[in-house]
Amino acid sequence: MDFTYDDEQIALRDAVRGLLARKYSDFEQRRRQVAEDPGFDESLWGELAEMGVLGLPFSEDDGGMGAGPVEVAIVATELGRVIAPEPFLSSVVLAGGLVALAGTPEQRTEVLGSLASGERVLALAHLEPGDPVTATPSGDSWTLSGVKEPVVHGARADQVVVSATRPDGSLGLFLVEGDAATRAGYSSYDGGRAARISFEDTTAVALGDPETDGAPLLEQALAGARIAACHEMLGGMEVALSATTDYLKSRKQFGVTLNTFQALNFRAADMYVSLELARSTALWASMVHATGDAAATREAAARAGLHVGKAARHIGQDAIQLHGGIAMTAEYLVGNITARLTVLERFLGDGDHLSVLAAGIDDHAALDPIPEPTA
Amino acid sequence: MRLELSAEDQAFRKEMREFFTTQVPEEIRTAVLDGRELSKEQVVESQRALNAGGLAVPGWPVEWGGRDWSQLQRHLWHEEMQAAGVPLPLPFNTSMIGPVIAHFGSQEVKERFLPPTANLDIWWSQGFSEPDAGSDLAGLRTTAVRDGDDWVVNGQKTWTTLGQHGDWIFTLVRTDPEAKKQLGISMLLIDMTSPGVEVRPIQLIDGGHEVNEVWFTDVRVPGENLVGEVNQGWTMAKFLLGNERVGVAPVGSVKRMLVRAKQVGGDRLADPLLRARIADLENELLALELTTLRVVAHSAGGAPHPASSVLKLRGTELQQAASELLLDLAGPQSLASGADPDAGGTDAPGWARRAAPTYLNLRKASIYGGSNEIQRQIIARTILGL
Ligand SMILES: Cc1cc2nc3c(=O)[nH]c(=O)nc-3n(C[C@H](O)[C@H](O)[C@H](O)COP(=O)(O)OP(=O)(O)OC[C@H]3O[C@@H](n4cnc5c(N)ncnc54)[C@H](O)[C@@H]3O)c2cc1C
């Protein structure tokens with residue numbers, strides 16, 4: 001049992017924190033960045049690639065760094081602290097993660113190699129506003145038809161990983177060149193980018209073996225991304241709380257600073273409680289993920305997703321409330337963190353963690369977070 | 001970061017499990033698991049079994065029966081004990097006065113009190129609170145005045161848990177009325193059979209007799225029963241109250257309640273709202289347990305981890321919520337709390353009859369041991385710097 005980072009992990013954290021601070025320590029810079037397409041800083045993306053961050057979760061054979069979920073969590077937390085708009089979660093962890101799980105060795109080397117080096121941005125298109133996207137075999141390749149939305153960073157992506165229903169009704173995974181489909185990009189309420197992507201007999205290649213059922217792989221990639229999203233939320237929550245306590249100590253009303261009012265301090269204390277419990281759950285989920293047990297990881301992702309999501313709402317909402325009107329303004333950090341937390345809690349198509357867990361309460365008597373030794 | 005226990009800790013956990021399930025009488029353990037009240041004799045018997053195995057006072061200094069365990073091992077000890085239904089060693093003895101005597105007592109006081117305290121030959125009571133000294137304990141008024149070698153004690157303590165069983169009581173008394181609040185207080189050990197000590201029961205809302213008033217009228221206490229120095233009592237009180245890190249969050253007990261809720265839920269478990277309520281509580285408890293593990297895995301000796309307040313606060317909230325869930329499951333059957341099943345007086349199952357008294361009794365959890373408001377205050381001040 002050990003919930004602390006080792007020296008190497010701390011070095012990674014400090015390096016990423018340092019790089020991001022150069023860019024985003026002033027919140028105004030983030031605002032300027034998201035005002036223009038593609039909504040993130042391409043040169044910072046390049047620097048992250050140079051630092052090895054974009055290849056972090058992938059094996060060395062695939063052109064990555066061979067690190068694991070804990071390192072991904074560390075990076076996600078740092079991005080969360082400055083609500084960096086760079087598409088690490090959507091491109092590297094989620095879309096890249098799925099390629100790592102499903103791709104052939106050649107696809108992995110090619111796609112992940114160029115993702116890690118910053119040459120190629122990926123997006124995963126899996127949510128659908130209407131009918132499922134269908135895939136039809138066409139010689140050596142496939143054609144896709146239908147609409148995917150929202151696809152986070154879908155308009156900027158050089159290549160899109162798409163889930164689609166094959167003629168036999170099973171789920172297949174495909175790679176599509178970004179400009180092969182019709183894309184309508186837009187901004188989301190956190191300053192991020194998403195897109196509607198429509199496929200009209202669009203040419204696609206199968207990701208990995210075209211016979212394989214893609215559904216469990218997709219679930220597994222989503223679970224990994226959910227856990228990383230929890231850490232990104234943790235970073236945001238940490239900053240929202242510290243901004244709030246700083247504010248309570250400096251803002252004066254009625255001739256005194258706000259921290260003279262115990263009612264407000266107590267709410268801050270409750271935010272701290274939420275944060276620490278969320279942190280424990282997220283760290284645990286990363287450790288479960290690191291064991292490589294897919295089923296356990298999916299469950300841990302749902303557990304952390306539920307817990308961290310609740311904490312994010314609590315902390316985000318109260319951070320705004322305790323700041324008062326200032327937090328409602330677009331220039332102020334805290335409200336923007338809350339917007340970002342709101343996206344992070346939702347963009348993987350979640351919201352039903354509690355239903356998932358409720359369905360499974362008969363699978364165990366009591367929960368035990370410490371795994372029994374594997375022989 | 002590492003999820004698994006080390007091989008050593010795994011073996012430790014196994015050893016604990018083995019001991020608890022074989023060395024403590026099964027009858028006592030089933031009573032605990034069923035949520036029944038234990039007699040004084042059963043509590044004593046169980047603690048003696050633990051003490052015989054060297055497992056009653058692991059947090060004490062080794063020369064007085066402590067074990068040189070890590071915080072994580074103490075946590076495992078505590079969790080396994082609860083999972084097996086072993087009553088926890090009496091906290092007044094083992095986690096309150098024992099460590100204080102071991103730390104501040106003279107050699108004579110240690111020799112005299114520590115072995116019988118570990119073995120529960122002495123049943124200790126805690127005499128801190130007074131009618132006008134609750135959260136603000138330093139407002140206490142019970143006085144101890146020097147008379148020759150003795151102290152003469154007058155005043156009233158209240159809320160004394162299980163004082164009806166008490167052989168001795170550790171008290172905070174005012175020894176310097178002139179000094180500023182915290183500075184004039186001392187800690188005195190008082191034999192409850194001394195003339196002038198009177199224990200009066202207080203009945204609680206659950207119908208039980210768990211707490212008492214303790215009155216002192218010209219009670220003579222030998223000078224050597226003072227712990228530490230005169231007027232140093234506040235230091236010892238803080239040590240006592242801040243000492244316990246392991247077991248602040250009642251994880252094991254909440255776990256048991258949730259397991260029970262699933263067992264007794266029956267057909268109603270098909271209700272998605274009930275399932276969601278259970279799942280949510282389970283997940284909240286998971287977060288609490290993980291936080292406990294985080295705290296115990298990294299608290300290097302000395303001061304308690306600042307997050308201990310999180311554990312107390314959230315732990316009692318969850319304990320109360322779980323008791324509320326069981327009460328809701330019991331529904332109208334909970335009204336049979338006073339019926340006698342042995343005399344054929346009720347068809348309501350035991351858990352349902354105990355649901356309401358337990359729910360009412362557990363309201364205490366967020367009041368004593370530093371109320372939840374006091375815990376919030378600690379978090380706000382010492383952790384957040386507000
Ligand atoms: C079942 C039970 C068993 C007990 N056993 C023992 C025992 O064995 N020995 C012993 O010495 N004592 C015991 N106690 C006493 C217990 O420690 C006190 O009840 C506790 O310290 C609270 O004091 P009080 O009841 O006087 O409430 P008060 O201190 O009067 O508090 C009343 C309310 O005001 C809140 N409050 C108080 N101060 C503040 C503040 N600064 N900011 C915000 N809110 C505040 C409290 O949280 C509470 O909600 C027991 C209590 C109970 C209920």
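This structure is a prediction, so every number in the text was calculated from the model and none was measured. Just so we're on the same page: letters track the sequence lines, and every chain starts at 1.
When each of A:Leu322, A:Leu264, A:Thr257, A:Ile326 is tested with A:Tyr247 by the rule side chain to side chain contact (heavy atoms under 4.5 Å, CB included), just one qualifies, namely A:Ile326. Between B:Asn283 and the choices A:Lys310, A:Arg303, A:His353, the side-chain hydrogen bond (donor to acceptor under 3.5 Å, both in side chains) rule is met once, by A:Arg303.
Between B:Phe12 and B:Trp69, the distance from one ring center to the other falls under 6.0 angstrom.
When heavy atoms are compared at a cutoff of 4.5 Å, A:Val288 approaches chain B by way of both its backbone and its side chain. Both the backbone and the side chain of A:Arg279 come within contact range of chain B, each with at least one heavy atom under 4.5 Å from a heavy atom of that chain. Using a 4.5 Å cut-off between heavy atoms, B:Leu293 touches chain A through backbone and side chain atoms alike. Looking at B:Gln263, there are no atoms closer than 4.5 Å to chain A (heavy atoms on both sides), in backbone or side chain. Interface remark: A:Thr260 contributes no atoms to any contact with chain B (heavy atom separation under 4.5 Å). With a 4.5 angstrom heavy-atom cutoff, B:Glu284 touches chain A via backbone and side-chain atoms both. Only the backbone of A:Ala359 has a heavy atom closer than 4.5 Å to any heavy atom of chain B. For B:Leu269, the part sitting under 4.5 Å from any heavy atom of chain A is the side chain, from C-beta outward, and nothing else. Heavy-atom distances place the side chain of B:Glu289, and not its backbone, under 4.5 Å from chain A. Using a 4.5 Å cut-off between heavy atoms, B:Gln377 contacts chain A through both its backbone and its side chain. With a 4.5 angstrom heavy-atom cutoff, B:Leu286 touches chain A only via side-chain atoms. In this structure, chain A has no heavy atom under 4.5 Å from any part of B:Leu274. A:Asp362 touches chain B through backbone and side chain together, each having a heavy atom under 4.5 Å away. Proximity to chain B is limited to the side chain of A:Leu241, based on heavy atoms less than 4.5 angstrom apart.
Looking only at heavy-atom pairs under 4.5 Å with chain B, the residue among A:Leu357, A:Asn265, A:Thr291 that has the most is A:Asn265. Of the listed residues (A:Asp6, A:Asp368, A:Val356), the greatest number of heavy-atom pairs within a distance under 4.5 Å of chain B belongs to A:Asp368. The greatest number of non-hydrogen atom pairs below 4.5 Å with chain A, out of B:Ala287, B:Ala7, B:Ala380, is found for B:Ala287. Contact tally against chain A (heavy-atom pairs below 4.5 Å) for B:Ile383, B:Leu285, B:Leu72, B:Ile378: the top residue is B:Ile383. Heavy-atom pairs under 4.5 Å with chain B peak, among A:Asn259, A:Leu277, A:Thr281, at A:Leu277. Between chain A and the options B:Glu79, B:Arg277, B:Arg314, the largest number of non-hydrogen pairs under 4.5 Å is found for B:Arg314. In terms of heavy-atom pairs under 4.5 angstrom with chain A, the leader among B:Leu288, B:Leu313, B:Asp280, B:Leu258 is B:Asp280. When A:Arg267, A:His307, A:Lys249 are compared by the number of non-hydrogen pairs under 4.5 Å with chain B, A:His307 comes out ahead. When each of B:Leu386, B:Ile379, B:Val259 is checked for heavy-atom pairs under 4.5 Å with chain A, B:Leu386 comes out on top. Looking only at heavy-atom pairs under 4.5 Å with chain A, the residue among B:Gln375, B:Glu282, B:Arg381 that has the most is B:Glu282.
Put simply, the side chain of A:Leu344 reaches to within 4.5 Å of the side chain of A:Leu89, judged on heavy atoms. You'll find the side chain of B:Ser46 reaches within 4.5 Å of the side chain of B:Val86, heavy atoms only. The shortest distance between side-chain heavy atoms of A:Val75 and A:Arg13 does not fall below 4.5 Å. Two residues are said to be in side-chain contact when any heavy atoms from C-beta on lie closer than 4.5 Å; A:Met287 and A:Phe3 meet this criterion. Side chains of A:Ile370 and B:Arg13 form a contact here, defined as non-hydrogen atoms less than 4.5 Å apart. Proximity of A:Leu234 to A:Leu275: side-chain heavy atoms (C-beta onward) are separated by under 4.5 Å at one or more points. Contact annotation: the side chain of A:Val16 approaches that of A:Met51 to within less than 4.5 Å [non-hydrogen atoms, C-beta and beyond].
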Given the rule in the side-chain hydrogen bond (donor to acceptor under 3.5 Å, both in side chains) test, do B:Ser253 and B:Gln82 qualify, once you have shown the distances and angles that lead to the verdict?
-> CA-CA 7 Å; B:Ser253 127; B:Gln82 291 188 77; 5.1 Å; no

Steps toward side-chain hydrogen bond (donor to acceptor under 3.5 Å, both in side chains) verdict (B:Thr316, B:Asn372) | CA-CA 8 Å; B:Thr316 53; B:Asn372 283 11; 3.1 Å; yes

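B:His75 and B:Thr292 share no donor-acceptor pair across their side chains, judged by distance under 3.5 Å alone.
Heavy-atom minimum distance, A:Ala225 versus A:Val93: CA-CG1, 3.8 Å.
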